[in-house]
Amino acid sequence: MLPDILICDDSEMARKQMARALPAALRHQVSFCRNGSEALARIRHSVPDMLFLDLNMPDLDGYEVLEHLRSEQIELLTIVVSGDIQPQAKARVFSLGAVAFLNKPTAPEKVAKLLAQYGIYCEPEESSPSGSQPETNTPSHPASINSDPQLLLNDYLREIANVAMGRSSDLLARLLGIFVRQPIPKVAFIASSELHMTIAAADDEAHYSAVCQGFTGAGVAGEAMLLFADSSFREMAEMLHYDNLDGPAVNVEVLMDMSSILFGAFLKGIGDQMDLRLGLSHPTVLGQHRQINELLDHHRNHEQQLLCIEIAYAIENRNIQCDMLVLFTEDSLPFLQQRLQYLAE
């Protein structure tokens with residue numbers, strides 16, 4: 001009898017990738033859930049043999065699912081599959097009862113090893129190697145079907161951004177000895193002139209400083225922008241162990257250091273997943289100690305549509321507000337659509 005496997009992830013692309021990482025014989029045995037609440041309802045009704053669980057989800061996240069499983073004394077082999085690869089994230093899920101942690105995107109050979117290790121499934125010797133079966137064996141399920149091309153592009157890009165965000169957060173966490181809380185990346189098409197209205201984390205009355213850096217690659221172009229709340233500079237300079245903590249020069253240094261850490265790791269994460277080499281221009285300070293609409297004023301005279309990824313980084317137990325925008329030009333959309341569709345199929 002084949003095992004009952006549950007995959008819980010808010011991204012359709014991630015659900016497909018995880019299902020494809022399973023041995024071909026199991027791909028029609030998989031159930032899907034889009035968030036923690038759905039997963040708990042399914043588990044309470046019938047406990048599966050194994051759960052592959054994402055961490056970064058709306059409603060109930062993966063940490064909360066693990067907490068519920070423990071408090072309700074539900075015994076379930078749970079493997080966390082996440083783009084958040086910070087050391088503290090891994091330590092936390094193990095403390096909550098997860099038996100293993102897999103980085104996104106998942107390697108089929110690692111999944112096969114875990115299935116065999118826990119006695120869930122072992123492929124017959126005469127079978128083809130794990131992951132080499134035709135993709136037509138990927139299961140379909142109502143929770144994983146989405147026919148709207150626009151929503152698909154947003155979902156796929158959000159998942160790519162989620163993995164890239166995990167890499168940049170991990171770098172920041174290791175450099176500073178901190179834990180970065182992972183938001184769900186926001187992806188939206190916006191008019192360039194309306195960019196300042198889309199930034200969820202910004203306070204209209206607060207003052208920010210900003211740095212931007214252009215990027216180009218085969219078929220794509222755009223810019224990455226870091227918005228740093230003025231109230232965060234001193235604490236960030238402290239964490240970076242600067243000798244001087246205040247002053248215009250220190251603020252610029254904080255901006256440059258943070259943009260170097262976050263832009264480089266994030267854009268490399270995007271490029272690695274899309275098999276795309278992105279070249280970066282020199283960073284430029286857009287302005288200091290100004291409101292958001294003033295910092296983004298250079299976009300007001302442009303009417304093109306932008307594909308915007310927004311990530312509001314938050315450092316646990318620190319009053320630091322840092323918002324990153326990655327803006328793809330309208331001309332980049334055909335390439336992105338083609339490459340993201342290829343990755344998902």
Side-chain angles (χ1 to χ4, degrees), residues 86 161 164-183 185 195-196 199-203 206-217 220-272 277-299 306 308-316 318-329:
Q86 298 176 80
M165 175 183 65
R167 295 189 187 183
S168 59
S169 295
D170 180 57
L171 178 58
L172 191 62
R174 291 175 186 274
L175 285 173
L176 302 181
I178 56 168
F179 182 70
V180 182
R181 294 198 301 271
Q182 300 291 278
L195 181 59
H196 68 285
I199 303 174
D203 180 346
H207 288 81
Y208 296 80
S209 298
V211 60
C212 72
Q213 192 165 13
F215 60 85
T216 57
V220 299
E223 67 177 346
M225 188 181 306
L226 188 69
L227 299 161
F228 206 82
D230 285 354
S231 59
S232 306
F233 274 115
R234 183 179 177 83
E235 192 166 358
M236 194 69 234
E238 238 173 42
M239 293 178 63
L240 290 167
H241 305 294
Y242 291 172
D243 292 331
N244 298 317
L245 302 180
D246 296 300
V250 172
N251 291 353
V252 171
E253 195 172 351
V254 167
L255 277 176
M256 291 302 182
D257 282 349
M258 288 294 289
S259 66
S260 175
I261 294 168
L262 296 177
F263 290 169
F266 185 88
L267 291 172
K268 186 177 187 305
I270 292 281
D272 287 349
R277 186 178 180 87
L278 293 173
L280 297 174
S281 67
H282 291 293
T284 302
V285 176
L286 291 178
Q288 292 182 263
H289 320 305
R290 295 157 67 183
Q291 291 182 329
I292 288 292
N293 61 333
E294 295 174 354
L295 289 170
L296 302 179
D297 192 57
H298 69 296
H299 280 283
L306 297 171
C308 175
I309 303 172
E310 181 194 354
I311 297 172
Y313 287 97
I315 298 175
E316 190 169 72
R318 297 278 185 168
N319 183 30
I320 292 176
Q321 185 177 340
C322 176
D323 206 75
M324 185 171 77
L325 302 179
V326 177
L327 307 170
F328 290 94
T329 63

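All residue numbers in this chain count up from 1 along the given sequence. Computation of the quantities below employed the complete heavy-atom set of this structure, encompassing side-chain atoms and omitting hydrogens, waters and symmetry-equivalent molecules. These figures come from a predicted structure and were not determined experimentally.
Between V250 and Y242 there is a side-chain heavy-atom pair separated by less than 4.5 Å. Contact check for V326 versus L267: side-chain heavy atoms found under the 4.5 Å cut-off. Taking 4.5 Å as the limit, some side-chain heavy atom of M225 sits within range of a side-chain heavy atom of L286. For the pair L325/C308, a side-chain contact is recorded, criterion being any heavy-atom separation below 4.5 Å from C-beta on. Contact check for E223 versus Q213: no side-chain heavy atoms found under the 4.5 Å cut-off. Looking only at side-chain heavy atoms (C-beta outward), E235 and I315 stay at 4.5 Å or farther from each other. The shortest side-chain heavy-atom distance between I311 and D323 does not fall under the 4.5 Å cut-off. Proximity of P185 to E310: side-chain heavy atoms (C-beta onward) are nowhere separated by under 4.5 Å.
Between the CD1 atom of I320 and the CE atom of M236 there is a distance of 5.0 Å, given to the nearest 0.5 Å. A distance of 8.5 Å separates CG of L227 from SG of C322, quoted to the nearest 0.5 Å. Distance CG/L176 to CG/L240: 5.5 Å, rounded to 0.5 Å. Taking CG of L172 as the reference point, atom CE of M239 lies at 7.0 Å (rounded to 0.5 Å). Summarising the geometry, atom OG belonging to S231 is positioned 7.5 Å from atom OH belonging to Y208; distances are rounded to the nearest 0.5 Å.
Looking only at distances, no side-chain donor or acceptor of Q86 sits under 3.5 Å from a matching main-chain atom of D170. In this structure a side-chain-to-backbone donor-acceptor pair under 3.5 Å is present from Q182 to V180.
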Requested in this report: Give the intermediate values and the outcome of side-chain contact (heavy atoms from CB on, under 4.5 Å) for residues Y313 and S168.
Outcome: CA-CA 10 Å; Y313 287 97; S168 59; 2.7 Å; yes

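Inspection of the S209 and N251 side chains reveals no N or O donor paired with an N or O acceptor under 3.5 Å.
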What side-chain donor-acceptor pairs closer than 3.5 Å can you find for residues 258-266, not counting sequence neighbours?
{"from": "S259", "atom 1": "OG", "to": "L255", "atom 2": "O", "distance (Å)": "3.0"}
{"from": "S259", "atom 1": "OG", "to": "M256", "atom 2": "O", "distance (Å)": "3.0"}

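With sequence neighbours excluded, no residue forms a salt bridge (charged side-chain N to carboxylate O under 4.0 Å, His left out) with R181. Under the rule for a ring-ring contact (aromatic ring centres under 6.0 Å, His included), the partners of F233 that lie at least two apart in sequence or sit in another chain are F228.
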